[in-house]
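The first residue in the sequence is number 1, and the count goes up from there.
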Amino acid sequence: MRKPFEPKKLEIEKDLEGLSLKMLENHYKLYEGYVKKTNEIQEKLLTADKKTANGVYSEYGELRRQETFAVNGMKLHEFYFAALGGDGVPHGELVAMIERDFGSMDTWKEEMIATGMSSRGWAVLCYDFGDMKLHIYGSDAHNVGSVWNCALILPLDVYEHAYFIDYAVDRKTYIDGFFKNLNWDFLSGLITKWGLDKVSE
Ligand code: FE
């Protein structure tokens, strides 16, 4: 039996350049909600009636449908917050992989921004084991646009709750603030932690 998930601590304790602590703390509360709902749904799935499972409506079916929303909401926000709090200066293994797969850091950033401006939920940089390359995928909700067999690396949250407190409807300036605070030790650390630099060779 697995233990309930615990929310990961928000490591940011002061205003970041372009992202206020007030906004990040409010956003973090939504993340805590996804952790809570993941635990609640997975607990209920243990006892929900499997015999009446049905694609139109059933307790089991509704729990399964909402489970992916809650679990992805939890995971995406964990990577989002962990990727912030740095100096925004790209370095490490991930930079080499981005240059290899996108041509240049500028091209990659331009694609992340355009995906963020055109998605309703997330622009996600991930490593796709299908072709062993980095990809950006757009997502209109936590569980819409998710692509299988990918390692999540950098999710950019473009839901309005991610920027409305500081920026009202100015999503573009919020995205600039996001890039200014990226923690490249964390991001490049993922590549080495998971051995993706080895499998890509
Ligand atoms: Fe969010």
Side-chain angles (χ1 to χ4, degrees), residues 5-39 41 66-90 94 98 102 105 108-127 134-147 150-190:
F5 292 100
E6 294 281 341
K8 294 196 191 306
K9 195 172 163 282
L10 179 66
E11 301 290 347
I12 299 161
E13 290 170 343
K14 58 181 173 51
D15 286 340
L16 302 182
E17 189 194 338
L19 303 172
S20 71
L21 183 60
K22 180 186 170 194
M23 183 169 78
L24 293 166
E25 284 178 339
N26 274 283
H27 196 173
Y28 177 83
K29 284 182 203 159
L30 294 180
Y31 155 65
E32 287 181 305
Y34 294 123
V35 178
K36 205 171 146 202
K37 283 295 173 190
T38 294
N39 289 328
I41 291 167
Q66 302 315 324
E67 182 187 24
T68 56
F69 188 85
V71 171
N72 278 348
M74 175 174 74
K75 290 186 182 187
L76 287 159
H77 283 99
E78 282 172 1
F79 278 70
Y80 173 82
F81 288 119
L84 291 174
D87 62 8
V89 180
L94 183 57
I98 287 174
F102 292 90
M105 289 299 287
W108 167 72
K109 194 172 166 185
E110 201 177 28
E111 286 190 32
M112 280 294 286
I113 292 169
T115 309
M117 290 305 290
S118 52
S119 297
R120 297 172 191 137
W122 298 88
V124 180
L125 174 70
C126 60
Y127 182 86
L134 296 169
H135 287 264
I136 296 167
Y137 293 121
S139 157
D140 283 344
H142 305 328
N143 58 351
V144 174
S146 316
V147 175
C150 287
L152 174 58
I153 295 171
L154 176 62
L156 161 59
D157 195 336
V158 293
Y159 277 92
E160 282 168 358
H161 67 240
Y163 57 90
F164 218 82
I165 290 175
D166 287 355
Y167 292 104
V169 296
D170 183 5
R171 186 188 293 190
K172 176 67 176 59
T173 311
Y174 152 70
I175 293 176
D176 292 341
F178 172 80
F179 280 102
K180 273 185 206 151
N181 292 285
L182 287 182
N183 179 345
W184 285 85
D185 284 341
F186 169 76
L187 295 170
S188 285
L190 293 175

If you take all heavy atoms of L152 and K75, which pair is closest and at what distance?
CD2-O, 4.0 Å
Is E110 atom CD crowded by more than 12 heavy atoms from other residues, nucleotides or ligands, each under 6.0 Å away?
no
For ring pair (Phe, Tyr, Trp, His ring centres under 6.0 Å), just list the numbers for Y34 and Y31, CA-CA rounded to whole Å, side-chain angles, deciding distance to a tenth of an Å, and then say yes or no.
CA-CA 5 Å; Y34 294 123; Y31 155 65; 7.9 Å; no
Within the 4.5 Å heavy-atom criterion, are D166 and Y174 side-chain neighbours or not?
no
Could you go through the salt bridge (Lys or Arg N to Asp or Glu O under 4.0 Å) check for D176 and K180 one step at a time?
CA-CA 6 Å; D176 292 341; K180 273 185 206 151; over 6 Å; no
M112 and L154: which non-hydrogen atoms are nearest, and at how many Å?
CE-O, 4.0 Å
Could you check whether any side-chain heavy atom of L190 comes within less than 4.5 Å of a side-chain heavy atom of F79, counting everything from C-beta outward?
yes
Let me confirm one number: the OG1-CD1 distance from T115 to I136, rounded to the nearest 0.5 Å.
5.0 Å
Specify whether H135 and Y137 have parallel, tilted or perpendicular ring planes, treating 30° as the upper limit for parallel and 60° as the lower limit for perpendicular.
parallel
What do the steps show when you test N26 against H161 for side chain to side chain contact (heavy atoms under 4.5 Å, CB included), and what is the final call?
CA-CA 9 Å; N26 274 283; H161 67 240; over 6 Å; no
Within the 4.5 Å heavy-atom criterion, are F186 and L94 side-chain neighbours or not?
no
Would you find a donor on one side and an acceptor on the other, under 3.5 Å apart, between the side chain of N39 and the backbone of F5?
yes
Between L24 and F81, the two heavy atoms sitting closest are O-CE2, 3.9 Å
L19 and I12, any side-chain heavy atoms less than 4.5 Å apart:
no
What is the minimum heavy-atom distance between R120 and V158, and which atoms define it?
C-CG2, 4.3 Å
Say you draw a straight line from CG of D140 to OG of S146; how long is it, rounded to the nearest 0.5 Å?
10.5 Å
Would one find more than 12 heavy atoms of other residues, nucleotides or ligands at under 6.0 Å from atom NZ of K9?
yes
May I ask you to establish whether K109 and F179 are in a cation-pi arrangement, using a distance under 6.0 Å from NZ or CZ to the six-membered ring centre and at most 45° from the ring axis?
yes
Heavy-atom closest contact (W184 atom, M105 atom, distance)
CH2-CE, 3.6 Å
Considering non-hydrogen atoms only, spot the tightest contact between E6 and V35 and give its length.
C-CG1, 4.0 Å
Mind checking whether Y80 and H27 have parallel, tilted or perpendicular rings, split at 30° and 60°?
tilted
Do H142 and Y159 have their ring centres less than 6.0 Å from each other?
yes
Side chain proximity check, D157 to W122, heavy atoms < 4.5 angstrom
yes
Rounded to the nearest 0.5 Å, how far does CD of E13 lie from CD of E25?
9.5 Å
Got V147 and C126 here, is their nearest side-chain heavy-atom distance under 4.5 Å?
no
Measuring from atom CG of L21 to atom CG of L16, what distance do you get when rounded to the nearest 0.5 angstrom?
7.5 Å
Assert yes or no for the condition that the ring centre distance of F178 to Y163 is strictly below 6.0 Å.
no
As an exercise, state the distance from CG of N72 to CD of E67, rounded to the nearest 0.5 Å.
10.0 Å
Would you say N181's side chain and E17's backbone share a donor-acceptor pair under 3.5 angstrom?
yes
Enter the distance from L84:CG to L182:CG here, rounded to the nearest 0.5 Å.
6.5 Å
